[in-house]
Every structure is written in C-alpha cells, then in structure tokens.
Chemist: 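Got a structure here, written out as structure tokens. Questions coming.
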Number of protein chains: 2
Amino acid sequence: MNKHTSLTMDLTKNQSLVMNALSDAKTPLSAYTILDVLRDHGFRAPLQVYRALDKLVEFGLVHRLESLNAFVACQHPSCEGEKNETILFTICEKCGSVQELLSDKLVGAMRNLADEIDFTLKESVIELRGICSNCKDH
Amino acid sequence: MNKHTSLTMDLTKNQSLVMNALSDAKTPLSAYTILDVLRDHGFRAPLQVYRALDKLVEFGLVHRLESLNAFVACQHPSCEGEKNETILFTICEKCGSVQELLSDKLVGAMRNLADEIDFTLKESVIELRGICSNCKDH
DNA sequence: ATGCCACACGTTATACCATTACGCAATTAT
DNA sequence: ATAATTGCGTAATGGTATAACGTGTGGCAT
C-alpha cells in the first residue's frame with residue numbers, strides 16, 4: 001500500500017506527499033519546486049512544504065543539502081529514526097545526482113579533529129562537489 | 001597604510017570596504033548585514049556587496065559558509081591567491097565564532113573516499129556545528 | 001460529556017538571500 | 001583612436017524561508 005517503512009505509515013498526508021515527491025526525484029528538489037509539483041494535490045503556500053520538510057528531516061527520512069538549498073530523500077535506511085551526526089554527500093555538478101555516504105573513517109577523522117581543538121561536535125555538513133562516475137565517461 | 005597584504009593593495013575601493021568589514025567582524029556576516037554596515041560609506045544596493053564578495057572569494061581572501069549564507073575573512077594566509085580545495089570550518093552555535101582549519105589528514109580522507117567511488121572531487125564544503133572551547137566552559 | 005491541550009493545517013504577509021538587465025565611466029590592449 | 005575589459009550604480013526581479021494569525025481535529029483528564 002505504501003512504499004515506505006513503518007515509520008512512514010505515521011506520516012500525515014502532506015508529509016507523505018512531500019516524501020513521495022522527493023523519493024520520485026532523481027535529484028534534490030528545492031522547497032519551491034516541491035510546491036509546484038504538489039499544486040495539483042492542493043498545495044498553495046511554501047509553509048505547507050517547509051512544515052512537512054521539517055518533520056521529515058527530524059525523522060531522518062530527508063536530508064537538507066546546504067550548498068544547494070535543496071532536499072533529498074534519504075538513501076540509507078539506517079538514518080530513519082536516528083539523527084546521524086556525520087553524513088557525507090557527493091553532488092555531481094553535471095547531472096545533479098547526489099550520493100549519500102556513511103564512512104566510519106570519516107567520522108573518526110572528524111572526531112579527532114574536533115577533539116584536537118576542543119570543539120564539541122554536534123552535527124556536520126559535508127558536501128563534496130565534483131563529477132560522478134557516470135558523467136565522467138562522457 | 002593598509003592592514004592587508006600585497007594582493008590586498010590591488011583591491012578596489014568597494015572590495016576594500018567589504019574586506020575590512022569582514023576583518024573587523026567577530027562572526028560571519030551576511031551580504032545584507034555588510035550592506036547595512038557600509039551604508040555610511042555610500043553603499044546602496046546588494047549588488048555592490050555581492051560583486052565585491054565574488055572577487056574576494058575568488059582571491060581566496062574570503063570564504064562563504066554555505067550553512068549560514070554568510071561570509072568570513074580568511075584566517076589562513078596561505079589561502080590567498082590559491083583556490084583551496086578542502087577547508088574545514090567549525091561554527092560555534094553559541095557565540096557564532098568560526099574557526100578555519102586545513103588538515104592534511106582530512107584532505108587525504110576526502111580524496112580516498114572520492115577515489116573509492118570514482119568521484120572526481122572539485123571542491124568540498126565541510127562545516128562542523130557545535131560548541132567552541134571558549135563557550136563550553138560557561 | 002466538557003474542557004483542555006497538542007498538533008497539523010491553511011492563508012497572508014513579510015523578511016532574507018541573490019541575480020538579471022541596463023547604462024555609464026575608467027583602464028588597458030591593439 | 002578605438003575596441004575590449006572591468007568596475008560601478010540603480011532598478012527590478014527572482015528564489016528561499018519564517019512570522020503571525022486563526023481553524024479544525026483527536027486524545028484524554030476530570
């Protein structure tokens with residue numbers, strides 16, 4: 001009935017609509033793009049989108065890409081329910097695709113760096129810009 | 001005469017004004033905050049600020065913080081003149097201060113990760129949110 | 001059942017961030 | 001000299017995000 005998981009069953013109508021819009025997209029979507037996509041479903045105002053996005057991000061189902069002012073559906077099931085402190089995203093500047101990575105090595109490197117300067121790490125934004133393997137060959 | 005380095009001598013009037021505004025600030029400034037600060041010096045429109053910022057970023061004298069939509073003066077002399085691929089910023093959520101770090105270890109970790117997934121890295125955005133050592137003790 | 005509370009929702013207005021388009025002036029290269 | 005480049009000023013517009021208001025609904029303690 002629903003293509004998402006148990007937590008997803010608890011989403012409200014607006015939250016589900018936004019979630020599905022993001023899941024169907026091949027690239028990140030801005031809030032206003034989502035608004036346009038969902039006009040046929042009754043969306044009229046930005047706040048409807050932002051409120052849904054806030055919750056979805058809180059649930060770990062959606063991530064915000066700071067360098068794009070845009071949002072992607074989480075590709076990594078383990079994010080759901082838990083706030084993940086360190087996720088890395090690659091963003092292809094050619095096709096716009098985003099890949100999500102969880103790397104223990106990277107998390108370790110971050111922690112060490114933070115420790116060294118006595119910085120209490122709460123959350124990290126790591127977004128790598130470049131060309132993905134697909135686009136590279138063309 | 002001028003508190004900056006040789007390259008800085010070549011800055012235009014507007015670029016110098018923006019540069020000084022950022023150098024004097026203890027935290028990152030948004031473009032519109034800079035505009036307000038410089039109204040007494042004749043600034044009237046956002047574009048005056050953005051054009052100066054574009055150049056300063058290009059010169060490596062200023063960095064943009066994606067997660068804040070704001071700008072900081074470079075703290076690391078070596079940035080000047082060269083585009084640095086991987087810089088890390090810590091952002092204190094209490095006092096708003098930013099620290100800039102260049103870590104070979106981190107650069108290495110990034111390169112390895114990118115190589116593993118055959119991603120051609122062009123530029124990275126790394127911004128750690130948390131509490132700085134100063135604020136932690138209060 | 002009543003009243004209260006929390007929560008999602010809808011709408012309007014506004015604030016904040018950034019760029020496009022146009023024209024002018026100064027500088028440099030040919 | 002003249003063309004090309006660069007910086008500048010102004011106005012208009014586009015894109016991103018939140019504040020402030022009020023409505024409706026469901027849970028639940030009394």
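Model, not experiment: these values are computed from the prediction.
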Chemist: Report yes if a donor N or O on one partner sits less than 3.5 Å from an acceptor N or O on the other, where the partners are the side chain of B:Tyr32 and the base of C:dA18; otherwise report no.
Modeler: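 Yes, a donor-acceptor pair under 3.5 Å.
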Chemist: A:Glu66 versus B:Glu127: any side-chain heavy-atom pair under 4.5 Å?
Modeler: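 When only atoms from C-beta onward are counted, B:Glu127 and A:Glu66 do not touch, as no gap falls below 4.5 Å.
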Chemist: Can you tell me how far P of C:dC16 sits from CG of B:Leu35, to the nearest Å?
Modeler: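 Value for this atom pair: 12 Å.
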Chemist: Indicate whether OP1 or OP2 belonging to D:dG7 is found under 4.0 Å from a side-chain N or O atom of B:Lys13.
Modeler: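 It does not, given that no N or O in the side chain of B:Lys13 lies less than 4.0 Å from OP1 or OP2 of D:dG7.
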Chemist: Separation of A:Leu11 atom CG from C:dC7 atom C1', in whole Å?
Modeler: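 These atoms are roughly 15 Å apart.
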Chemist: For a quick test of reading the model: is some side-chain N or O of A:Asn69 closer than 4.0 Å to OP1 or OP2 of C:dA18?
Modeler: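 Looking at the OP1 and OP2 atoms of C:dA18, neither is under 4.0 Å from any side-chain N or O of A:Asn69.
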Chemist: Is the shortest side-chain N/O distance from A:Thr12 to OP1 or OP2 of C:dC7 below 4.0 Å?
Modeler: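 Checking C:dC7 against A:Thr12, no side-chain N or O comes under 4.0 Å of OP1 or OP2.
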Chemist: C:dC9 P sits how many Å from A:Phe43 CZ, rounded?
Modeler: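 That distance rounds to 8 Å.
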Chemist: Expressed in angstrom and rounded to an integer, what is the separation of B:Asn14 atom CG from D:dT6 atom P?
Modeler: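 Answer to the nearest Å: 17 Å.
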Chemist: Within this structure, what is the CD1-to-P distance between B:Ile34 and C:dC16, rounded to whole angstrom?
Modeler: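 Going from B:Ile34 (CD1) to C:dC16 (P), I get 15 Å.
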Chemist: Below the 4.0 Å mark, does C:dG10 have OP1 or OP2 next to a side-chain nitrogen or oxygen of A:Gln48?
Modeler: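 Answer is yes, contact under 4.0 Å.
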Chemist: For B:Arg39, is there an ion pair with B:Asp36 - N to carboxylate O distance below 4.0 angstrom?
Modeler: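 Salt bridge present between B:Asp36 and B:Arg39.
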Chemist: Under 4.0 Å, counting only non-hydrogen atoms across every strand here, what does A:Arg51 touch: a base, just sugar-phosphate, or nothing?
Modeler: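 Touches a base.
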Chemist: Rounded to whole Å, how long is the line connecting atom CG of A:Leu53 with atom P of D:dA17?
Modeler: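 Result: 9 Å.
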Chemist: Indicate the atoms forming the closest heavy-atom contact of A:Leu35 with A:Pro46, along with that distance.
Modeler: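 Minimum heavy-atom separation between A:Leu35 and A:Pro46: CD2-N, 3.9 Å.
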Chemist: Rounding to an integer number of Å, can you tell me how far A:Gln15 CD sits from C:dC7 P?
Modeler: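 In whole Å, C:dC7 P and A:Gln15 CD are 13 Å from each other.
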Chemist: Atom CD of A:Glu58 and atom P of C:dA8: how far apart are they, to the nearest Å?
Modeler: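 Roughly 9 Å, once rounded to whole Å.
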Chemist: Might you point out which heavy atoms bring A:Ala70 and A:Pro28 nearest each other, and give the distance in Å?
Modeler: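 That would be CB-CB, 3.8 Å.
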Chemist: Between C:dT20, C:dA18, C:dA8, which nucleotide gets closest to the side-chain atoms of B:Tyr50?
Modeler: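 The answer is C:dA18.
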Chemist: Taking it one step at a time, do B:Gln99 and B:Leu88 satisfy side-chain contact (heavy atoms from CB on, under 4.5 Å)?
Modeler: CA-CA 8 Å; B:Gln99 188 171 350; B:Leu88 177 148; over 6 Å; no
